[in-house]
Amino acid sequence: MATQSFDRHEPDAKEMAQRIAGYGREVIETEAAALSLLIAGLDDNFVSAVDHILGARGRIVVSGMGKSGHIGRKFAATLASTGSPALFVHPAEASHGDLGMLVRGDLLIVLSNSGATIEVRPIMRHARGLGIPVIGIGAQENSPVMRDADIRLLLPQSREACPANIAPTTSTALMLALGDALAIAAMRERGVSRDGLQALHPGGNIGLRLKPVSTLMHPAPGLPLVSPTAPMAQVIVTITAASFGIAGVVNADGRLLGVITDGDLRRHADQLLNMTAEQVMTCHPVTVPANGYAEDALALMKARRITALFVTGGRTGEPDVPVGLVHIHDFLRLDLV
C-alpha cells in the first residue's frame with residue numbers, strides 16, 4: 001500500500017527567532033511607554049503618600065489580590081528592607097481573621113488595577129473604622145477602591161502588553177515601578193545609609209557586598225611587609241611565603257610607601273637581585289580603608305586590574321598604615337565576583 005506524502009512547511013529558524021524577539025520588544029516597548037506616562041503623572045499625591053509612609057507610627061500594611069497581590073508582597077518587602085516597617089496581608093485571609101494584623105497607627109496601601117476587587121473591601125472598611133489612612137493604587141479613578149482611599153495614586157491608562165489586553169502585564173509593571181519609587185523616596189528621606197542597609201541585609205549577596213572590608217581582610221601581623229632597604233632576594237622570599245603576589249614597603253613608622261607585585265618583578269628582571277625594595281616598588285599604591293565596603297574594594301580591584309589591596313586605617317585611623325590585605329580570591333570564595 002502506497003503511503004501518502006504531505007508537503008510540510010518547516011519554519012525557517014531565523015524567521016522564527018526574529019518573530020519571537022519581536023514579540024519581546026513589543027512587550028518591553030509597551031511597558032516602557034506606560035512607564036514614561038507614569039513618570040509624567042507623578043504629582044502631589046505621590047508626595048503625600050511618601051509623607052504618610054514616613055509618618056506612620058505603626059507598620060505599612062500592603063494588600064492586593066491576584067497579580068496585584070504578588071506585586072504587593074514585593075512592595076512590602078522592599079519597604080521593609082529600606083527602612084519602612086511593612087508587611088503584606090492577603091485580602092481574602094484578612095476576612096478570615098487576619099484583619100487583626102491591622103492596628104491603629106498603621107497605614108494601609110491597597111493595590112487594584114481595576115479598583116473593583118471585591119476582596120479588598122473588608123480590609124478597607126476595617127481600616128476606616130480604626131481611623132487608618134488608606135492609599136489606593138489603581139488605574140480607574142472612579143472605582144470603589146480609589147473613591148474610598150484617602151490618597152489616590154492613579155496609574156496611567158495603558159494597554160496591557162498581552163495581545164488580548166487581558167493578562168496583567170503593563171499594569172503590574174506600573175505598580176512595581178510605583179512601589180519602588182515610594183519605597184526609595186521614603187528611604188532617602190529617612191536618610192538610610194549603606195550602614196543601615198547592611199544592618200537590614202545581614203545575609204545573602206547584598207549582605208556580603210555591604211560587609212566592611214575589615215571583616216574580609218587578612219589582618220596584621222603576618223602581612224607581607226618589607227623595609228625600603230630590603231634586598232630584592234628577601235622581598236621575593238616574602239612575596240612567595242605570603243602567596244598574595246604582593247609585598248608592601250613600609251618605613252620605620254609603619255607607613256606604606258609603596259608595593260611590589262609580580263609585575264614589578266618582571267619589569268626589573270634583568271637587574272633585580274642587585275636592587276632594593278625602594279628601587280623596585282610602585283609608589284603611591286592604591287589602598288582601601290578598613291571601614292570601606294567589600295563591593296567598593298572589589299570595584300576598585302576590577303577598575304585598576306589588580307588582584308590584591310592593602311587595607312589601611314583600622315583603629316589607629318592612620319590612612320597610610322597597613323592593617324590588613326584583601327585578595328581577589330577572598331571575593332571569589334564569597335561568590336562576589
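Starting from 1, each residue takes its place in the sequence as its number. What you see is a predicted model, and the numbers here were worked out from it, not measured in a lab.
- Under the 4.5 Å side-chain contact rule for hydrophobic residues, Leu155 and Val134 do not share a cluster.
- Grouped with Ile39 in a hydrophobic cluster is no other residue, since no side-chain heavy-atom contact under 4.5 Å to another Ile, Leu, Val, Met, Phe, Trp or Tyr is found.
- Taking both residues in full, the closest heavy atoms of Gly258 and Pro285 are given as CA-CD, 3.8 Å, listed atom of the first, atom of the second, then distance.
- Qualifying salt bridge (charged side-chain N to carboxylate O under 4.0 Å, His left out) partners for Arg59, counting only residues two or more places apart in sequence or in other chains: Asp106.
- A side-chain donor-acceptor contact under 3.5 Å links Arg147 to the backbone of Asn142.
- Other residues, nucleotides and ligands place more than 12 heavy atoms under 6.0 Å from the NZ atom of Lys74.
- Between the side chain of Ser81 and the backbone N or O of Ala77, at least one donor-acceptor pair lies under 3.5 Å.
- Remark: Gln279 pairs with Thr276 by the side-chain hydrogen bond (donor to acceptor under 3.5 Å, both in side chains) rule, at least two apart or across chains.
- The ring-ring contact (aromatic ring centres under 6.0 Å, His included) analysis of residues 45-80, with sequence neighbours excluded, yields no pairs.
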task = Let me see the working for Leu108 and Ile135 under side-chain contact (heavy atoms from CB on, under 4.5 Å), right down to the final yes or no.
result = CA-CA 6 Å; Leu108 177 63; Ile135 298 174; over 6 Å; no
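- Counted within 6.0 Å of CG on Leu54, heavy atoms from surrounding residues, nucleotides or ligands total more than 12; the atom is thus considered enclosed.
- Cluster partners of Ile28, using a side-chain heavy-atom cutoff of under 4.5 Å among ILVMFWY residues and allowing indirect links: none.
- Taking the side chain as every heavy atom from C-beta outward, Leu298 and Ile328 approach each other to under 4.5 Å.
- The line from CG of Asp180 to CG of Leu176 is 5.0 Å long, rounded to the nearest 0.5 Å.
- Between His327 and His329, the ring planes are tilted. Angles from 30° to 60° get that label.
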Go through Leu178 and Leu153 one step at a time and tell me if the side-chain contact (heavy atoms from CB on, under 4.5 Å) criterion holds. CA-CA 9 Å; Leu178 184 57; Leu153 297 181; 3.9 Å; yes
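- Between the side chain of Ser36 and the backbone N or O of Ala32 there is at least one donor-acceptor pair closer than 3.5 Å.
- Ser68 is linked by a side-chain hydrogen bond (donor to acceptor under 3.5 Å, both in side chains) to nothing, counting only residues two or more places apart in sequence or in another chain.
- Val61 and Leu130 fall within a single hydrophobic cluster, where Ile, Leu, Val, Met, Phe, Trp and Tyr are joined by side-chain heavy atoms under 4.5 Å apart, directly or via other members.
- Considering every non-hydrogen atom in both Ile53 and Arg190, the closest pair reads O-NH2, 3.2 Å.
- Across all non-hydrogen atoms, the minimal contact from Ala161 to Thr30 is CA-CG2, 4.2 Å.
- Inspection of the Glu119 and Ser95 side chains reveals no N or O donor paired with an N or O acceptor under 3.5 Å.
- The OG1 atom of Thr82 lies 12.5 Å from the CZ atom of Arg188; values are rounded to the nearest 0.5 Å.
- Chaining together hydrophobic side chains whose heavy atoms lie under 4.5 Å apart places Ile246 alongside Leu223, Leu225, Phe244, Val250, Leu256, Val259, Phe310, Leu325.
- In this structure, Asn113 CG and Lys67 NZ are separated by 12.5 Å, a value rounded to the nearest 0.5 Å.
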With side-chain contact (heavy atoms from CB on, under 4.5 Å) as the criterion, how do Thr312 and Val288 come out once you've worked through the C-alpha distance, each side chain's angles and the decisive distance to 0.1 Å?
CA-CA 6 Å; Thr312 59; Val288 61; over 6 Å; no
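- Grouping the Ile, Leu, Val, Met, Phe, Trp and Tyr side chains by contacts below 4.5 angstrom, directly or via other members, places Met101 with Met124.
- Between Val62 and the options Leu87, Thr78, Val89, Leu79, a side-chain contact (heavy atoms from CB on, under 4.5 Å) holds for only Leu79.
- For Glu278 (side chain) and Thr229 (main-chain N/O), no donor-acceptor pair under 3.5 Å exists by modelled atom type.
- The shortest distance between side-chain heavy atoms of Val110 and Ile137 does not fall below 4.5 Å.
- With sequence neighbours excluded, the residues forming a salt bridge (charged side-chain N to carboxylate O under 4.0 Å, His left out) with Arg128 are Asp150, listed by chain and number.
- Here the shortest heavy-atom pairing between Ala290 and Val311 reads CA-CG1, 3.4 Å.
- Residues that satisfy the side-chain hydrogen bond (donor to acceptor under 3.5 Å, both in side chains) test with Thr282, not counting sequence neighbours, are Asp264.
- Between Ser158 and Leu37, the closest side-chain pair of non-hydrogen atoms falls below 4.5 Å.
- Put simply, Met187 and Leu42 are part of two different groups of oily side chains (I, L, V, M, F, W, Y) that touch within less than 4.5 Å, one to the next.
- At a threshold of 4.5 Å between non-hydrogen side-chain atoms, the residues Asn291 and Val213 do not count as touching.
- Every pair tested for salt bridge (Lys or Arg N to Asp or Glu O under 4.0 Å) that includes a residue from residues 21-45 fails, sequence neighbours excluded, so the list is empty.
- Every side-chain hydrogen bond (donor to acceptor under 3.5 Å, both in side chains) that Thr117 has, sequence neighbours left out, goes to Ser112.
- For the pair Ser171 (side chain) and Pro168 (backbone), a donor-acceptor distance under 3.5 Å is absent.
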Run the side-chain contact (heavy atoms from CB on, under 4.5 Å) check on Leu309 and Met301 step by step: do they pass?
CA-CA 8 Å; Leu309 283 173; Met301 295 169 81; 3.4 Å; yes
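- Between Gln140 and Met146, the closest heavy-atom pair is O-CG, 3.2 Å.
- Residues Ile109 and Ile60 have side chains in contact (heavy-atom distance under 4.5 Å, counting atoms from C-beta outward).
- Through chains of ILVMFWY side-chain contacts below 4.5 Å, Val249 is grouped with Val226, Met232, Val235, Ile236, Ile239, Leu257, Ile260, Leu265, Leu272, Leu273, Met275, Val280, Met281.
- The heavy-atom pair separating Ala76 from Ala86 by the smallest distance is O-CB, 3.6 Å.
- Looking at Leu35 and Leu174, their side chains come closer than 4.5 Å, going by heavy atoms from C-beta outward.
- Looking only at distances, a side-chain donor or acceptor of Thr170 sits under 3.5 Å from a matching main-chain atom of Arg159.
- In this structure a side-chain-to-backbone donor-acceptor pair under 3.5 Å is missing from Asp253 to Arg255.
- Linking ILVMFWY residues whenever their side-chain heavy atoms come closer than 4.5 Å, directly or via other members, leaves Val145 and Leu182 in distinct clusters.
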